[in-house]
Each structure stands twice: as C-alpha cells, then as structure tokens.
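First listed ligand is number 1; within each ligand, the first listed atom is number 1. Starting from 1, each residue takes its place in the sequence as its number.
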Amino acid sequence: MAQLVCGLARRWCFGALGSPLQALHLQALPLHLGRTVMRASQKDFESALRQVKLWKKDPGNEVKLKLYALYKQATEGPCNLPKPGMMDLVNKAKWDAWSALGSLPKETARENYVDLVSSLSAASEPPSPAKPAADGEQAGGDLVVTSENHITTITFNRPAKKNAITTQMYRDIMLALQAASKDDSVLTVLTGNGDYYCSGNDLTNFTDIPPGGPEEKARTNAVLLREFVDYFIDFPKPLVAVVNGPAVGISVTILGLFDLVYASDRATFHTPFSPLGLSPEGCSSYTFPKMMGPSKAAEMLIFGRKLTAQEACAQGLVTEVFPDSTLQKEVWTRLRAYTKLPPNAVRTSREVMRSKGRERLHAVNAEECEALRQRWLSEECASAVLRFMSRKAKL
Ligand SMILES: CCCCC/C=C/CC(=O)SCCNC(=O)CCNC(=O)[C@H](O)C(C)(C)COP(=O)(O)OP(=O)(O)OC[C@H]1O[C@@H](n2cnc3c(N)ncnc32)[C@H](O)[C@@H]1OP(=O)(O)O
C-alpha cells in the first residue's frame, strides 16, 4: 500500500510567517518590547503580547487586524502613516484598521488589547492530541494523499479555512498527480475534509507582494495556475471528484476536466468571478458552455449564479447526487467496483475520449491565464480581496 503525505502541517503560530497578514502583528512586537514600562497596566499588556506569541491556532485575519490596530494605538497613538496605495493590500488593511480607532486614548487601546487577548485565550480550546492515523492514512498536512485498493485519493485538508488552496497546495497537488500518474492506481480521487469541498483559491495568495511588485506576483501566479491546470488536462487516468460540500472558484472550474463528479446533496457550485474582479479559469470558459450550453454557463461564470448539486447535475457538471448521509458509502463502493475493470481497457477508452480536445484545452488554459494575469492587477480585484480580508464581504 503506497502512502504519501504532501505538505507539512502548517500550524499557525506567530513565529512562522505564512503571509503578510500573519506577519503584520508580529512585525510590531519587537519594536514594543524594547520600551520602558510606564503605566500600571503595562505589565498586563506585555503579558498579553507574550500570550499572543504562544497561540497555536490562527485567530483569523479580522482578529489579527484588531490586535494590530490596538497595539499601534496603544504604543504610538492615532494613526500617523500616509494612506497606502490601493494595490498595497496588506498595508492598506492595516492602515484602515488603525485609522478606524480615531483618537482612542493609548491607555484605553492597551486595556482593549488586554481584554481582547484574554477573551480569545479563554475561548480557545486546549490543543487536542493528534488523531491516530487510520490504516492507509496519515493525519495532518494541508493536503493528504493516500493510495489504497488501486485508488489514489487527494484530500484538501484545511477544514478551518474551508479548504482554501494555498500556493503550496497547488504545488503539492501537482506533485501528487505526478506520483498518481505513475503508481498502480486505476482511479485518482479529489475530495475535501470537513464541511466544505473547497472554497477555491486562498485569497491571501495575492497579498505577499514580492520585490518585483504586483506585476511580478501576477506573472508568477499566472505561470503557477497554467501549470496546475495543465496537469489536469494531461493526467492519464480517470479523475473523480467526490464533492462532499460546497465548492467555490477553481475547485468548481476544474471539474470540467474530470471524468466523474459525485456530489453530496449539501454541495453547491459557485464561481463568483465578477464580484471578485476576476475571470474564469480551469478551461471552464470552454468546458462549461460545451457541457451546459452558453447561457447556463454565462449565468455561472459571468453572473456568479450558485448552483445546487441537483442543478449542477441537470447541467451536466455533476454525474450523480447522493444524500449526504450515504455519499461516502455509496461512492466508495462504486469506485472500488470500477477498479476491478480491466485497467488497460479503461485507460484506452479514456485516451480516445480525451486526445482530440487536448490541444484546444491547452490553448484555452493559456488564454485564461493571461486574462487573469491582467485581472489580478486591476483595482476591481484589489478592492475585492481587501473587502474579504477586512471581512466586510463574503460570498
Ligand atoms: C496561484 C493562483 C491561482 C489562482 C486561481 C484562481 C482562482 C479563483 C477562485 O478560486 S475565486 C474563489 C475564491 N474564493 C472565495 O472568494 C471564497 C471566500 N470565502 C468566503 O466567501 C467564505 O469564507 C465562505 C462562503 C467560503 C465560507 O463562509 P463561512 O461564514 O462559512 O466561513 P468563514 O468565512 O468564517 O471561513 C472560515 C475561515 O476560512 C477562511 N477562508 C474561507 N475561504 C477562504 C479563501 N478562499 N481564502 C482565504 N481564506 C478563506 C476565512 O477567512 C475564515 O478564516 P478566519 O477564521 O481566519 O477568519
């Protein structure tokens, strides 16, 4: 039984800077710790700062921004920085949060900081021991890959973030597909752990701007996306999605490149590209109109209409819908039966079905990635990401 776990468990902690938003609070800490303690509540404040550094659970961007703003107000007073540009997403979010505190006195900000930390520390659960790995599985990692009974399963495993896909996960999925294309499996399955199948691209993937600026970020993301989608276009074995819950963005669009899509009746299919200032990817601008007709595809891809599992099945995006309570049992029984079919016949049938459209799919992928590269540099996209990060907007 082959076994592979991709992606290190990235437990959130202030010592490991995964993104600028994770970093923004920490950046402030050393500045403060060198200062002289002047007031009575300063000790509590410093103790709260130390406590925050020990948190292992990500408190979320909203809380991190609040902590950052209160910290700056407590130590420096009202916001005294020039307003960052629209594209400077992280600094803009920080600036907005700090400015929102207006002329709140330093002592009040310090007390609010201490109160916030103590309420969050009280609410957080003690760390639970890792679940023992079941046979053929390993716990942990943002992506878990197992291979059993001739089925390789790639599981999105970031349930606290609704399985949003980080840049590392894109790379790990490619590695997993590469391994699966060569192992003894007959089928490759993608599924999600937790209540979501996947909430699409992790929107914080756009926030860590490299020295080359937003243009470089847009370019490298476009290259990564193109390579990622190419892997699905060229994958040589049947691809199956077991959509255990809501699916968003790229996790929906690439379903057009799958052979079978089995969905829970809890699943929904949502591609909110226009509200995000984006355009379709995953070859969906070609596969969706082909499978559901141009006007149904337009409703989804241009106007962001969310489909239920039943609607997605009626449109041809989903193969079959199962009651959530029986999804796992029914689907895995069926998939195991499919693995008993003569593997060479399965591969040949798939290849003759796929080979004719492959070149076209690569061209569509290239075109979509170029359109997205430009979209990522737009103010519409920057505003949407900023709105999400400051939690004023959700789907
Ligand atoms: C290399 C680049 C390739 C780019 C390819 C392009 C792809 C395009 C897309 O995929 S577009 C789709 C992008 N996805 C979204 O816009 C979804 C955004 N998320 C939401 O709207 C909501 O979170 C939700 C509707 C999915 C779930 O709402 P709910 O209220 O049930 O849960 P929370 O909002 O509290 O979410 C729990 C935590 O998960 C974080 N999170 C969820 N989705 C994402 C995401 N896509 N990116 C980053 N983070 C996400 C959310 O922030 C919460 O975290 P917190 O607890 O730390 O606050």
Give yes or no for whether the N/O distance cutoff of 3.5 Å, strictly under, is met between Y170 and ligand 1. no
N/O to N/O below 3.5 Å, does that happen between S199 and ligand 1? yes
Residues that, via side-chain heavy atoms closer than 4.5 angstrom, fall in one hydrophobic cluster with F303: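 Members besides F303, by chain and number: I302.
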Share the residues that join M353 in a hydrophobic cluster, the rule being Ile, Leu, Val, Met, Phe, Trp or Tyr side chains under 4.5 Å apart at the heavy-atom level.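 When side chains under 4.5 Å apart are linked, M353 ends up in no cluster with other residues.
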Which atoms of ligand 1 sit under 4.0 Å from any heavy atom of Y196? 24 (C), 25 (C), 26 (C), 27 (C)
With atoms numbered from 1 as shown, which atoms in ligand 1 lie under 4.0 angstrom from a non-hydrogen atom of A160?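 Near A160, the atoms of ligand 1 are 37 (C), 38 (C), 39 (O).
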Can you find a side-chain donor-acceptor pair between [X] and [Y] that sits under 3.5 Å?
X    : Y    : answer
T166 : D142 : no
Y286 : N365 : no
T155 : N157 : no

Ligand 1 contacted by L276 (non-hydrogen, < 4.0 Å):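 Yes, L276 has heavy atoms under 4.0 Å from ligand 1.
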Answer side chain, backbone, both or neither: which part of N201 comes under 4.0 Å from ligand 1, heavy atoms only. both
Structural part of F228 in contact with ligand 1, heavy atom criterion under 4.0 angstrom: neither
